[in-house]
Amino acid sequence: MLSLKMKMVSSMEKCFYSDSIESKQEKNSFLMFRNERLSFQVMYRADLTEEGGDLRRWNPVRLGGALAKYARVRLVSNVLNMYPTYAKNPGGEFITTEPGAYPDLLRPLVYPNAVSLPHEQTHALWIDVELPEGFSAGSYDISVAILHEKTNDLLGEVTGTVQVVDAELPKQTLIHTEWFYTDCIANHYRVKAFSEKHWKLIESYMRTATRNGINMVLTPVFTPELDTYIGGERLTTQLVDIEQTEKGTYRFGFDKLHRWIDLALDCGYEYFEIPHFFTQWGAKAAPKIVVKVNGRNKKLFGWHSDSMGEEYATFLSQFIPALLGEFKARGVDKKCFFHVSDEPHMEHLEHYTRCKNLIGQYLEGYPIIDALSDFEFYRTGALEKPAPHTRGLTPFIDAKVPGLWAYYCGGGKGGVSDRSIAMPSHRTRILGVQLYYYNIEGFLHWGYNFYNTCHSYNVLDPIGYADGSFFTPAGDCFLVYPGTDDTAWESLRLNALREAVDDIRALRLYEEKFGRDAANRLILEDTDGKLTFTEYPTAPEYLSNLREKIARAFAQ
């Protein structure tokens with residue numbers, strides 16, 4: 001005979017196959033605002049109570065209660081994590097640092113909306129609840145049941161209560177970009193760049209991003225030179241058609257860019273991020289730019305092109321004004337952000353400054369932003385809008401840098417919040433409270449869907465190589481998986497970041513009613529009186545308690 005155990009738990013749990021259900025904290029009471037997405041999980045484990053039980057492979061999942069029609073169910077699947085951290089004791093909180101199978105991928109249920117019940121393994125369902133506009137506040141039940149595959153008899157069921165608060169979260173104010181790699185989509189699905197199939201895939205990846213609080217998109221007006229080995233190149237994904245009519249004179253075609261802008265706006269993006277005009281690791285070269293010369297496409301600029309060469313300078317003098325003109329015509333030019341070169345250091349200062357001044361003469365009044373963690377570099381005035389790593393934010397905060405951004409990468413070294421698969425979800429989600437507390441304008445990360453090895457020598461299947469083939473701790477390279485149904489499949493980490501953005505929105509709502517000081521006091525209530533990017537609450541219940549305090553303030 002088969003015995004099925006089930007338990008409702010928080011969205012911040014990570015359930016491994018070997019976990020016992022008893023080891024997890026039950027959570028079956030939830031509060032939500034009318035316009036937010038509520039997520040929770042249901043753990044289940046099938047054990048044999050006597051010999052002779054059979055493995056049940058296709059057991060239907062049934063939702064019940066007043067909120068059932070507004071809920072979606074997915075399966076939490078494991079992925080290989082062979083490189084959880086850089087070191088055995090890297091700092092900060094990890095679930096485990098051992099290689100193995102880790103829960104992360106949210107996979108649609110298979111026919112007929114069913115799950116298998118492997119003996120003596122713990123699995124989890126992920127449930128989202130999204131309410132229609134105008135839904136009435138009040139208390140509602142929701143249940144999740146698993147049925148017998150042949151008889152439809154009830155094998156197990158759990159029920160929770162959702163209190164819908166009579167208020168709505170304000171519009172997101174955080175500018176959030178996770179670098180969008182158009183080439184990685186084409187490579188994985190083996191489609192031609194900007195074919196109709198490619199556009200359809202791009203749309204899915206865009207909608208998944210904006211659905212989860214990512215509101216700025218890396219827009220490949222030319223192929224981004226990011227994470228490409230010196231002398232190498234990535235698949236050409238250039239939205240602007242360029243033709244050299246005569247030496248030093250160019251004509252531009254923007255049809256694909258207009259289609260991209262239309263699609264991005266329709267998907268919910270608000271901001272457009274233009275790739276770096278100069279290469280990584282010192283801005284020594286121009287990015288790869290394909291130009292039609294004498295009727296044939298030619299890689300006119302690239303690693304072989306001096307970034308300060310006369311030919312590239314002449315090109316930029318025509319390209320940037322023409323590009324701005326198109327964004328202006330669409331009414332979104334003031335929503336554009338520009339880059340010089342990624343992560344410059346002091347040894348690059350003189351050359352970086354020359355490069356920045358070269359493009360800056362055409363971008364007056366537009367934000368130029370780069371990942372920059374060296375405060376002495378910033379003090380030189382070479383870049384007005386830095387995005388420091390969260391490990392090095394303190395001097396920038398102390399200096400009251402206006403419109404400050406932040407980024408992280410590298411698996412949480414130094415104890416900062418991060419999105420590594422081996423981390424508990426609350427360590428990923430705490431970022432939202434930190435960004436709010438320090439009034440950070442924007443957050444940047446380099447990997448929404450990077451499916452390559454280090455420096456893009458080869459392409460990879462992210463489900464089998466979540467670490468980019470030992471490039472960086474698993475989870476740093478991407479937030480979404482390429483689904484077999486031609487859609488982007490979400491991860492636990494993407495949802496933790498989405499909940500982090502919603503935490504900011506909830507705190508903004510609290511601030512509107514009670515003031516900024518009151519919101520900051522609320523944040524510090526269950527701490528030792530201090531919150532930084534390296535010192536923050538590690539109790540799993542801190543974030544859920546904070547959100548419940550905010551919700552109850554409006555429910556009352």
Side-chain angles (χ1 to χ4, degrees), residues 1-11 13-24 26 28 39-65 67-82 99-129 142-160 421 461-466 480-492 494-495:
M1 182 177 294
L2 183 143
S3 170
L4 182 66
K5 298 177 182 177
M6 298 176 66
K7 180 184 281 187
M8 273 188 181
V9 296
S10 163
S11 61
E13 289 285 3
K14 289 190 177 181
C15 305
F16 288 73
Y17 292 159
S18 58
D19 286 343
S20 69
I21 284 188
E22 290 76 16
S23 69
K24 301 295 184 180
E26 184 175 36
N28 53 18
S39 299
F40 61 90
Q41 296 178 83
V42 172
M43 299 175 63
Y44 61 94
R45 183 182 178 93
D47 294 319
L48 291 175
T49 58
E50 60 185 49
E51 294 297 325
D54 62 326
L55 177 64
R56 297 191 171 97
R57 293 181 176 85
W58 304 116
N59 301 270
V61 176
R62 184 184 68 195
L63 297 178
L67 299 184
K69 66 172 74 173
Y70 309 115
R72 176 171 70 142
V73 184
R74 286 173 286 175
L75 180 67
V76 182
S77 296
N78 281 24
V79 298
L80 284 179
N81 181 355
M82 305 312 292
Y102 283 66
D104 190 53
L105 167 62
L106 299 183
R107 185 188 297 272
L109 297 186
V110 296
Y111 175 85
N113 285 337
V115 294
S116 58
L117 299 178
H119 297 160
E120 300 179 352
Q121 288 187 9
T122 300
H123 292 257
L125 297 170
W126 181 273
I127 293 89
D128 290 319
V129 178
I142 185 169
S143 64
V144 181
I146 297 178
L147 311 178
H148 191 285
E149 64 176 334
K150 295 178 181 177
T151 65
N152 269 355
D153 290 340
L154 185 68
L155 294 177
E157 185 175 26
V158 288
T159 299
I421 292 175
D461 179 355
I463 294 179
Y465 294 93
V480 293
Y481 294 85
T484 56
D485 58 358
D486 293 348
T487 66
W489 287 353
E490 297 176 6
S491 65
L492 292 179
L494 177 61
N495 276 273

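Side chains included, hydrogens not; waters and symmetry mates left out as well; all remaining heavy atoms used.
Annotation: the span from Asp104 atom CG to Leu494 atom CG amounts to 9.5 Å, rounded to 0.5 Å. One distance of note links CG of Leu109 with CH2 of Trp58; it measures 10.0 Å at 0.5 Å rounding. A distance of 9.0 Å separates CH2 of Trp126 from OG of Ser491, quoted to the nearest 0.5 Å. Distance check, rounded to the nearest 0.5 Å: OG of Ser77 to NE2 of His123 gives 9.0 Å.
Neither side chain, His119 nor Gln121, offers a donor N or O lying under 3.5 Å from an acceptor on the other. Remark: the Arg45 side chain and the Thr122 side chain contain an N/O donor-acceptor pair separated by less than 3.5 Å.
Of the possible polar contacts, one joining the Thr151 side chain to the Asp153 backbone as a donor-acceptor pair under 3.5 Å is found. A donor-acceptor pair is defined here as one N or O able to donate and one able to accept, closer than 3.5 Å; such a pair exists between the side chain of Lys7 and the backbone of Ile21. Within the 3.5 Å criterion, the main-chain N or O of Val115 finds a donor-acceptor partner in the side chain of Asn59.
At least one side-chain heavy atom of Leu106 sits less than 4.5 Å from a side-chain heavy atom of Val76. Considering only heavy atoms from C-beta on, Pro103 comes within 4.5 Å of Leu492 through its side chain. Residues Phe40 and Ile142 form a side-chain contact, since some pair of their non-hydrogen atoms from C-beta on lies under 4.5 Å apart. Taking the side chain as every heavy atom from C-beta outward, Trp489 and Val480 never approach each other to under 4.5 Å. Put simply, the side chain of Tyr102 does not reach to within 4.5 Å of the side chain of Lys14, judged on heavy atoms. Looking at Met6 and Ile146, their side chains come closer than 4.5 Å, going by heavy atoms from C-beta outward. In this structure the side chain of Asn495 reaches within 4.5 angstrom of the side chain of Glu490, judged on heavy atoms. At least one side-chain heavy atom of Tyr44 sits under 4.5 Å from a side-chain heavy atom of Leu4.
Heavy atoms only, all atoms of each residue included: Pro108 and Asp485 are closest at CG-OD2, 4.3 Å. Ser11 approaches Ser39 most closely through the heavy-atom pair CB-O, 3.4 Å. When every heavy atom of Val129 is checked against every heavy atom of Ala71, the shortest pair comes out as CG2-CB, 4.1 Å.
The residue from Leu125, Asn113, Val42, Leu75 that alone fulfils the side-chain contact (heavy atoms from CB on, under 4.5 Å) condition with Val61 is Leu125.
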**Message:** Between Leu105 and Ile463, does the side-chain contact (heavy atoms from CB on, under 4.5 Å) criterion hold? Intermediate values first, please.
**Reply:** CA-CA 8 Å; Leu105 167 62; Ile463 294 179; 4.1 Å; yes
**Item:** Stepwise salt bridge (charged side-chain N to carboxylate O under 4.0 Å, His left out) test for Glu13 and Lys24
**Value:** CA-CA 8 Å; Glu13 289 285 3; Lys24 301 295 184 180; 3.4 Å; yes
**Request:** Evaluate the side-chain contact (heavy atoms from CB on, under 4.5 Å) criterion for residues Leu117 and Leu155: first the C-alpha distance (whole Å), next the side-chain angles of each, then the deciding distance (0.1 Å), finally the verdict.
**Result:** CA-CA 11 Å; Leu117 299 178; Leu155 294 177; 3.8 Å; yes
**Message:** Pair Glu22, Lys5 - check salt bridge (charged side-chain N to carboxylate O under 4.0 Å, His left out), show working.
**Reply:** CA-CA 10 Å; Glu22 290 76 16; Lys5 298 177 182 177; 3.2 Å; yes
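Electrostatic pairing of Arg74 and Asp128 counts as a salt bridge here, judged by a charged N lying under 4.0 Å from a carboxylate O.
Residues that satisfy the side-chain hydrogen bond (donor to acceptor under 3.5 Å, both in side chains) test with Gln41, not counting sequence neighbours, are absent from this structure. Judged as a side-chain contact (heavy atoms from CB on, under 4.5 Å), and not counting sequence neighbours, the contacts of Glu157 are Arg62, Ser143, Ala145, Leu154.
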